[in-house]
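Just so we're on the same page: letters track the sequence lines, and every chain starts at 1.
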Amino acid sequence: MEFLLNEDRLALAETVRDYLAGTHGPDVLRRLDAGDNRDPAIWQGLVNMGLTGLLVPEEFGGLGLGFVDAALIARECGRACLAEPLVDTAFVAVPWLLSQGDTAQMAAIVSGTAKPSVAHRINPWVSDGDGAALDSIDPLRNLTRPVGTSSSDPLLLDLGALMSAAQLVGLAEAMLDQSAAYAKIRTQFGQPIGAFQAVKHQLATAAVAIEFAKPVVWRAAQALSDGLVSAPVHISHAKVAASDAAIQMAETAIQVHGAMGYTYEVDLHFWMKRSWALSGAWGSRAFHLKRIDDAVIGGGLEIGPDQTFA
Amino acid sequence: MEFLLNEDRLALAETVRDYLAGTHGPDVLRRLDAGDNRDPAIWQGLVNMGLTGLLVPEEFGGLGLGFVDAALIARECGRACLAEPLVDTAFVAVPWLLSQGDTAQMAAIVSGTAKPSVAHRINPWVSDGDGAALDSIDPLRNLTRPVGTSSSDPLLLDLGALMSAAQLVGLAEAMLDQSAAYAKIRTQFGQPIGAFQAVKHQLATAAVAIEFAKPVVWRAAQALSDGLVSAPVHISHAKVAASDAAIQMAETAIQVHGAMGYTYEVDLHFWMKRSWALSGAWGSRAFHLKRIDDAVIGGGLEIGPDQTFA
Amino acid sequence: MDLVYTSEQQDFRAEVRAWMDAHVPKEPLDTLECRVGFDEHVVWERTLASGNWGMVTWPEAYGGRGLDLIQWLIFEEEYFRAGGPNRANQNGIFLLGPTIMEFGTPEQKARFLTPMAKGETMWAQAWSEPGAGSDMAAISSKAVRANDSGGDHYVISGQKTWSSRAAFADWGFGIFRTEDGSKRHKGLSFILFDLNSPGITRRPIRQLHGDTGFAELFFDEVRVPVENRIAGEGEGWKVAMATAGFERGLMLRSPGRFQATAKRLVELYREHEAEASPAAREAVMTAWMQAQAYAYNTYAVAAKIMAGGSIGAEASLNKIFWSELDRAMHRTAMQLLGAAAELRRFDDGRMNQWLEGYIFSLSGPIYAGSNEIQRNITAERLLDLPRVGAG
Amino acid sequence: MDLVYTSEQQDFRAEVRAWMDAHVPKEPLDTLECRVGFDEHVVWERTLASGNWGMVTWPEAYGGRGLDLIQWLIFEEEYFRAGGPNRANQNGIFLLGPTIMEFGTPEQKARFLTPMAKGETMWAQAWSEPGAGSDMAAISSKAVRANDSGGDHYVISGQKTWSSRAAFADWGFGIFRTEDGSKRHKGLSFILFDLNSPGITRRPIRQLHGDTGFAELFFDEVRVPVENRIAGEGEGWKVAMATAGFERGLMLRSPGRFQATAKRLVELYREHEAEASPAAREAVMTAWMQAQAYAYNTYAVAAKIMAGGSIGAEASLNKIFWSELDRAMHRTAMQLLGAAAELRRFDDGRMNQWLEGYIFSLSGPIYAGSNEIQRNITAERLLDLPRVGAG
C-alpha cells in the first residue's frame with residue numbers, strides 16, 4: 001500500500017509539462033484559433049516524445065505504460081489546454097482497441113499517422129472525428145458527430161470519463177494559477193486585489209476543491225489498472241469531483257479577473273470553455289452520480305472506514 | 001395590488017418588539033432556564049397586550065386580526081426567543097379550533113387561562129402539552145408528546161409551519177444583529193473582526209438569505225388569509241426559505257462569535273437552539289420540499305412571470 | 001397588504017399581452033453584441049416606441065406612459081412571458097433617462113429624452129477606465145474647458161473601457177475629471193457625448209464568446225459643448241452614484257426575467273427528468289423559489305417607493321441575489337444538458353440559449369458593482385460594520 | 001502507486017479488529033465533557049494502554065508500537081469501524097507527544113511520555129487567552145524567573161481560556177511570555193505545568209450544550225520548575241507552531257472518523273428514503289465522496305512523509321476540508337431527522353448522536369486555527385498572494 005506517484009512517473013509528467021509550457025503557450029492557442037485549430041508540428045512534437053504510444057504495448061513500438069501515467073499526462077494536456085487529440089486517441093481509443101483485441105492501428109498510432117477517436121452511445125460526439133462538424137463553444141475542439149465507429153462498451157465510457165477528469169484537474173490548476181497571478185498584479189483601491197480577503201478566500205476555497213479532486217482521479221486510474229470491479233464507481237467519483245472543481249474554479253477565476261475575464265484578450269476563456277465542454281462529456285454529472293447512487297445508497301459497494309480501497 | 005405591511009400592522013409589531021426588548025432580554029432567558037422555564041408574569045404581559053386574542057373574533061373578546069398580523073408578531077417572538085406558548089396557542093391552535101367551529105375555549109384563551117396547543121400527525125410533539133416531557137436541545141421548549149388532541153388536518157400543519165417560518169425569520173434577524181454587534185467589539189490582530197472582509201462577507205451573505213425569506217413569509221400569510229388554493233405551497237416555500245436562512249445564519253453566527261459562540265455565557269445559543277428546533281418542526285424540510293416539488297415540477301401550480309401571485 | 005390585482009390592472013395586463021403577442025418577433029433576434037443583431041434590436045426598440053411601449057414609466061411629456069411601478073411590473077411580466085428581446089436602449093431607459101429627469105435642465109430633457117423614447121438614439125455607458133473598475137473613483141480621463149471659444153466647450157482626453165453598447169450606439173455618458181489635480185470623488189462632472197465626435201476612437205472589445213458589443217473608447221481632444229454636462233461642474237460623483245443606484249436598484253433586472261428563466265428551467269428539467277441528478281431537481285425548485293422571492297421583494301420595494309419611501313443600501317442585497325440566482329439557474333441547465341451543453345447550436349439548429357445565458361450570467365456578479373463591493377456595502381451600511389481601507 | 005494492502009498489513013488489520021471487537025465498550029460512554037464521562041474515557045485510555053494500543057505511532061521506547069503511518073491509518077480505520085470512543089488524551093497523543101519527541105530532552109521524554117502512554121496522565125492544552133484567539137501571538141500571560149531559588153523556577157501569572165480537557169485533566173501545556181516587554185512572537189516559551197499546582201484556578205466553561213469540558217485557567221504566581229520548559233527560553237513560538245502543525249496536519253482528524261460518519265449517514269438516509277429531499281440524497285452521496293477523498297489524501301500525505309517529505313501549508317487545506325465536511329454531514333442528518341432533530345434523546349431512549357455531532361461539528365471551523373485563518377494561510381503561502389495587515 002503506497003499512495004505515491006513515484007519519481008519516474010512525475011519526471012515524465014514534468015517533462016511534458018515543461019515541453020508544453022515552452023511550446024504551447026496562450027499565444028499558440030490564439031494562433032491556432034485564428035487559423036486551422038490544428039498544427040502538424042505540435043502533433044509531431046507529441047509523437048516525438050512518445051506520447052501517442054504511451055499505452056501501446058512495447059511489441060508495437062509503444063512505451064507500454066499504464067493508466068496512472070496516462071492520467072498524469074492528461075492532466076498536463078488540460079493544464080496546457082492542448083487541443084490536439086492526444087488524450088482521445090492515445091489514452092482513450094488505444095486501450096479500448098486493445099481491449100477489443102484490435103491492434104491493427106497500433107504502429108500507425110505510435111508514429112502519429114493514425115488518430116482514431118471512438119464515440120460512445122453516452123458520448124456521441126468526439127473531437128477530430130470523421131463526421132459532420134458541430135459548433136462547440138470551445139473554439140479549438142473540432143467537435144464532430146462521427147459516421148464510423150461507435151460503441152456502447154462501458155469500458156470505453158470509463159476511459160473517456162477518467163481521462164476527462166484528469167484533464168479537468170489540469171484545467172482547474174491552470175485557472176487557479178492564472179487567477180492568483182492576476183490577483184497579484186491587478187490593483188484596485190490602491191492595492192493588489194489579491195490582498196483582499198474576499199479574493200483570497202474565494203481562491204482558497206477553489207484550491208481546496210482542486211486539492212481533494214486530485215487523489216480521487218489517481219485512485220480511479222489505479223483502480224482501473226488493478227481491474228477492480230468497483231473501478232467504474234471510482235471513475236464516476238473522479239469525474240464528478242474534477243468537473244465540480246473545474247466549474248467552481250472557472251466561476252471563481254472569472255470573478256477574480258473581473259470584466260477582463262470576460263474578454264477574448266485574457267487567456268482564461270480558453271480554459272473555461274474546455275472546462276465547460278469536458279465537464280459534460282463522457283457522461284453527464286447526472287450519469288456519473290447515478291452510478292455512485294447505485295453503489296453507495298443502493299448498496300453496490302462496501303463502504304465505511306475499513307473500505308477505503310474497496 | 002399592494003405588497004406593503006401597513007403602518008397599523010407595523011406599529012403593533014413594533015410595540016410588541018419594544019415590549020419584549022424591554023422585559024424579555026437574554027437575562028430573562030437565563031433566569032427561566034435556571035428556574036421553571038415559564039413565568040406567569042411574562043404570560044400575563046402578553047395577555048395584557050391582547051396577543052392571546054389576536055386572532056380571536058371580536059365577539060369572543062379578541063382583536064379579530066389576521067394571519068399577516070400574527071406572522072409579524074410571531075417574528076417578534078422569534079426575535080426575542082420567547083418561550084411562552086403564545087404562537088402555538090394563539091396563532092396556531094386558535095385559528096384551527098375556529099376552523100373546526102370550536103369556540104368553547106376562546107374567552108379563556110383571550111384571558112390567558114387556557115393555553116391549548118394541538119399536535120399533528122406530522123408534528124407529534126408540541127410545547128407545553130399535557131403529555132410526557134421530551135428532552136429538547138432547546139432548554140426552554142417544554143416539549144411534550146400530548147396525550148390528548150391530535151389531528152391530521154392539513155390546515156393545522158399549515159398554520160404551524162407558517163408561524164414557525166415567521167419565528168425563524170425573527171430568530172435569524174436577532175442572530176444577525178448579535179453577530180454584527182459582536183464583530184464590532186471583538187478585536188483580533190489589532191482591529192475589530194467586523195473590519196475583516198471574511199467576516200463582512202459571511203454576514204452579508206446571511207443577510208441576503210434573510211432579506212429574501214421575509215417577503216415569502218408575508219406572502220404565504222396573505223395567501224392563507226385570501227384562501228388561495230395554492231396557500232400550502234407558499235407556506236412550504238416560506239418554511240423552507242426561513243429555515244434555510246436561520247440555519248445558515250446560525251452557522252455564520254457561531255463562526256463569527258468564534259469559541260465564545262460555543263459557550264453558554266454568550267446569548268447566541270438560545271437562538272441557535274430554537275432555530276434547530278423550529279426548522280424541523282411542523283413538517284421537515286423534505287416534507288415541505290415535496291409539496292413544492294408536486295406544485296412546480298409536478299405541474300400543480302401555474303408558474304412563470306405572469307403567475308407571481310398564483 | 002393586498003395581493004389581488006385590480007380589474008384595471010388586469011385589463012392593463014390583457015392589453016400588454018395582446019400587443020406583445022402580436023408584435024414580439026417569433027424568431028429570436030441575433031445577439032445584441034454584434035452589428036446585425038444590434039440593428040435588429042434597434043428595429044425592435046422602434047416597434048416598441050410605435051406602440052408607445054418603449055419607456056412605460058417615463059412621464060408622458062417625455063414620450064412615456066407615466067405608468068406606476070405596479071403597472072411597470074405587470075408590463076415586464078408580460079414582456080418576459082412573451083419572450084420579448086433584450087433592450088438595446090437599456091442604458092437609456094433605466095440609467096440615463098432617470099438621471100436626466102432628476103438632474104437635467106428642461107432644455108436637456110427635451111433634447112435627450114424624447115429621441116431616446118422614440119428609439120432614435122441608442123446610448124452607451126462609459127463608467128470604467130482601465131485602472132478604475134470596482135474602484136470607480138479612480139477616474140483619470142479629463143474634460144478641460146477650452147480656451148478658444150469663451151469656455152463653452154470641454155476638451156476631453158483619456159480612455160474608457162467596458163463601455164456597454166459603445167460599439168454600435170449613437171451617444172455615450174460618463175464622468176470625467178473637470179478639475180485639474182482633484183482626487184477621487186471630487187472634481188468630476190457627468191457629461192454626455194456624441195460617439196461620432198471627431199477625436200473619439202471606438203475599439204470594440206472582443207468578448208470571450210467572440211462578440212464585440214463592448215468597446216474601449218479613446219478620447220483625443222474631443223470637443224463637447226458645456227451644455228452636455230448634467231448638473232453642476234464637480235457634481236459628477238453625486239450624479240453617477242444616483243445613476244449607479246438606478247442600476248443596482250429596482251429596475252435593472254425585473255423579476256419577470258428570472259421567473260421566465262425558472263419556468264424554462266422547469267421545462268428543461270422535465271425533458272431530462274429520467275436521467276437528472278437529485279441536486280438538479282432541488283436546484284430547479286430553488287430556482288422557482290428564489291425567482292418568486294425576488295418578485296415578492298420587488299413588489300414590496302415598489303410599494304414602498306409608491307408610498308413615498310426609497311431604496312437605499314438594500315439595492316446591494318438585490319444585486320447579490322439576482323446575479324447569483326441567474327448564474328445558479330444557468331449552471332443547473334448546463335448540467336442537465338450534459339454533453340450538449342457545450343454546443344452553441346443544437347443538432348436541430350436551435351441556438352443553445354442556456355450556454356449563452358450561462359456565459360452572460362457569469363458577468364452578473366461582476367458588473368454594476370461587483371458582488372464583493374455589494375457585500376462590503378451590505379456589511380458597512382446595513383450592518384454598520386467598520387470600514388477599513390484594506391478590508 | 002500501490003493500492004493493495006500487503007499480507008502483513010492485512011494481518012495487522014485483523015489483529016486490530018479482533019482486539020477492538022473484544023474491548024470496545026458495547027454501550028456509548030457518557031460525554032467526555034463531563035466528569036463522569038471523562039473518567040469513563042480515562043478507563044478506556046487505560047484499557048487501550050493495557051493492549052498497548054494507546055500511542056501506536058510512538059516509538060516503543062516511550063510506550064508506543066513504532067507503527068508506520070499506513071499501520072496507523074489501518075489502526076484508525078478499525079478503531080472507527082468498531083465505534084471506538086473519543087480519545088481523552090488526544091492532546092497528549094497528537095500534540096504534546098510529538099512536540100516532546102521533537103524538542104524535548106531525554107529526561108523530559110522519560111518523565112512525560114511514558115506516563116502519557118500508560119494513560120496515567122491526561123493532558124490539557126492551553127493556547128488561547130481572552131484576547132488571543134485567532135491572533136495566537138497576542139499572548140500576555142507571563143512566566144517570570146523566580147529570584148528566590150537560583151532562578152530554577154518560573155512564576156506564572158495570567159489567564160488562559162478554551163483550554164480543552166482542562167476541567168478534568170492532570171497536566172497542561174501552553175506558551176507564556178518569558179521576556180518582559182517582548183512583542184508578538186518573540187520572548188515566548190513553551191511550558192508544561194501540573195494543573196493541581198498551587199495558584200492555578202480552573203473555571204469550567206459551560207458550553208452551549210451545558211457540558212463543561214473546557215475551562216478557563218487563572219494563574220496566580222504559580223511556580224513551575226524551569227525543567228518543565230520545552231526547548232529554549234524564547235523559542236516557544238517555534239515549538240507552538242510545530243505543535244499547531246501537528247494539530248492541523250495529518251493526525252488531528254483521521255479519515256476513519258468521517259468515513260464512519262458517512263456510512264452512518266447512508267444508513268440514516270435509507271431509513272428516511274421515502275420522505276427525504278433530493279438535496280439530502282445528493283448530500284449523502286457527497287458525504288461518501290468527500291470522506292473517501294479525504295482518506296485518499298491522507299494516504300497520499302502519509303506516503304509522502306514516509307518517503308521523506310513533509311506536510312506544510314497543505315495542512316490548511318485539510319483543516320478546511322474535514323471541518324466543513326463534518327458540519328455538512330451532520331447538517332444533512334439533522335434535516336433527515338426532521339422534528340426529531342431537536343431531541344437530545346430519542347423516544348426509544350437512544351442518545352441523538354447526530355444532534356451532539358452537529359453541535360460539535362460547529363466548532364470544527366473555529367478551533368485549531370479558524371477556517372478564516374486557514375484560508376489566509378492557503379492564499380498567502382500556497383498561492384503566494386500578498387499579505388496585508390488588515391486583509
Of all the heavy-atom pairs spanning C:Leu383 and B:Ala180, show the shortest one and how long it is. O-CB, 3.9 Å
Calculate, to the nearest 0.5 Å, the distance between atoms OG1 and CG belonging to C:Thr286 and B:Asp244 respectively. 8.0 Å
Residue pair C:Asp2, B:Met1: steps toward the side chain to side chain contact (heavy atoms under 4.5 Å, CB included) verdict: CA-CA 5 Å; C:Asp2 171 9; B:Met1 167 59 58; 5.8 Å; no
Indicate yes or no: at least one non-hydrogen side-chain atom of B:Asp306 is less than 4.5 angstrom from one of C:Arg13. yes
Spell out the residues in residues 263-270 of chain C that have some non-hydrogen atom less than 4.5 Å away from a non-hydrogen atom of chain B, in order of number; otherwise answer 'none'. C:Lys263, C:Val266, C:Tyr269, C:Arg270
For B:Ser179, is it the side chain, the backbone, both or neither that has a heavy atom under 4.5 Å from a heavy atom of chain C? neither
Which atoms form the tightest heavy-atom contact between B:Thr205 and C:Arg375, and what is the distance? OG1-NE, 2.8 Å
Ignoring hydrogens and geometry, is there a side-chain-to-backbone donor-acceptor pair from B:Lys200 to C:Pro386 under 3.5 Å? yes
Please step through side chain to side chain contact (heavy atoms under 4.5 Å, CB included) for the pair B:Phe212 and C:Asn318, ending with a clear verdict. CA-CA 9 Å; B:Phe212 285 88; C:Asn318 269 14; 3.3 Å; yes
Under-4.0 Å salt bridge between B:Arg285 and C:Glu282: yes
Answer yes or no: does atom CD of B:Glu302 have more than 12 heavy-atom neighbours from other residues, nucleotides or ligands under 6.0 Å? no
Among B:Arg9, B:Gln307, B:Glu211, residue most engaged with chain C (heavy-atom pairs, under 4.5 Å): B:Glu211
Among C:Val4, C:Thr6, C:Thr378, C:Ile74, which residue forms the greatest number of heavy-atom pairs with chain B at distances under 4.5 Å? C:Val4
Would you mind reporting whether B:Phe3 and C:Val301 have side-chain heavy atoms less than 4.5 Å apart? no
Side chain, backbone, both or neither: which part of B:Ala207 has an atom under 4.5 Å from a heavy atom of chain C? both
Qualifying residues under side chain to side chain contact (heavy atoms under 4.5 Å, CB included), relative to B:Pro95, sequence neighbours excluded: B:Leu55, B:Phe67, B:Leu159
B:Leu301 portion near chain C, given a 4.5 angstrom heavy-atom threshold: side chain
Of B:Ala223, B:Ala204, B:Pro192, B:Ala295, the largest count of non-hydrogen pairs under 4.5 angstrom with chain C goes to B:Ala204
Name all pairs fulfilling the ring-ring contact (aromatic ring centres under 6.0 Å, His included) condition that reach into residues 288-310 of chain B, sequence neighbours left out, sorted by first residue then second. B:Phe309-C:Tyr296, B:Phe309-C:Tyr299
Which atoms of B:Leu176 are under 4.5 Å from chain C, going by heavy atoms: the side chain, the backbone, both sets, or neither? side chain
If you tally heavy-atom pairs under 4.5 Å between each of C:Glu380, C:Arg281, C:Gln290 and chain B, the highest tally belongs to C:Arg281
In short, C:Ala307 meets B:Leu4 closest at the heavy-atom pair CB-CD2, 4.0 Å
For B:Glu2 and C:Met1: C-alpha separation, side-chain torsions, deciding distance, then whether side chain to side chain contact (heavy atoms under 4.5 Å, CB included) applies. CA-CA 5 Å; B:Glu2 190 179 54; C:Met1 177 80 74; over 6 Å; no
Let me know if B:Asp293 has heavy atoms under 4.5 Å from chain C in its side chain, its backbone, both or neither. both
Which answer fits B:Val217, side chain, backbone, both or neither, if we ask what part of it has an atom under 4.5 Å from a heavy atom of chain C? neither
Specify which of C:Phe80, C:Phe321, C:Phe258 makes the most heavy-atom pairs with chain B at under 4.5 Å. C:Phe321
What's the spacing between B:His201 NE2 and C:Asn371 CG if we round to 0.5 Å? 9.5 Å
Give, as side chain, backbone, both or neither, the part of C:Ile320 having an atom under 4.5 angstrom from any heavy atom of chain B. side chain
Could you walk me through whether B:Val216 and C:Gln292 pass the side chain to side chain contact (heavy atoms under 4.5 Å, CB included) test, one step at a time? CA-CA 8 Å; B:Val216 180; C:Gln292 285 289 107; over 6 Å; no
Heavy-atom nearest pair, B:Leu289 first then C:Met285, reads O-SD, 3.6 Å
Flag the one option from C:Ala303, C:Ala262, C:Ala291 with the top tally of heavy-atom pairs under 4.5 Å to chain B. C:Ala303
Could you walk me through whether B:Thr308 and C:Glu77 pass side-chain hydrogen bond (donor to acceptor under 3.5 Å, both in side chains), step by step? CA-CA 9 Å; B:Thr308 303; C:Glu77 287 173 350; 2.8 Å; yes
What residues, two or more places apart in sequence or in another chain, satisfy side chain to side chain contact (heavy atoms under 4.5 Å, CB included) together with C:Asp68? C:Ile70, C:Gln71, C:Met306
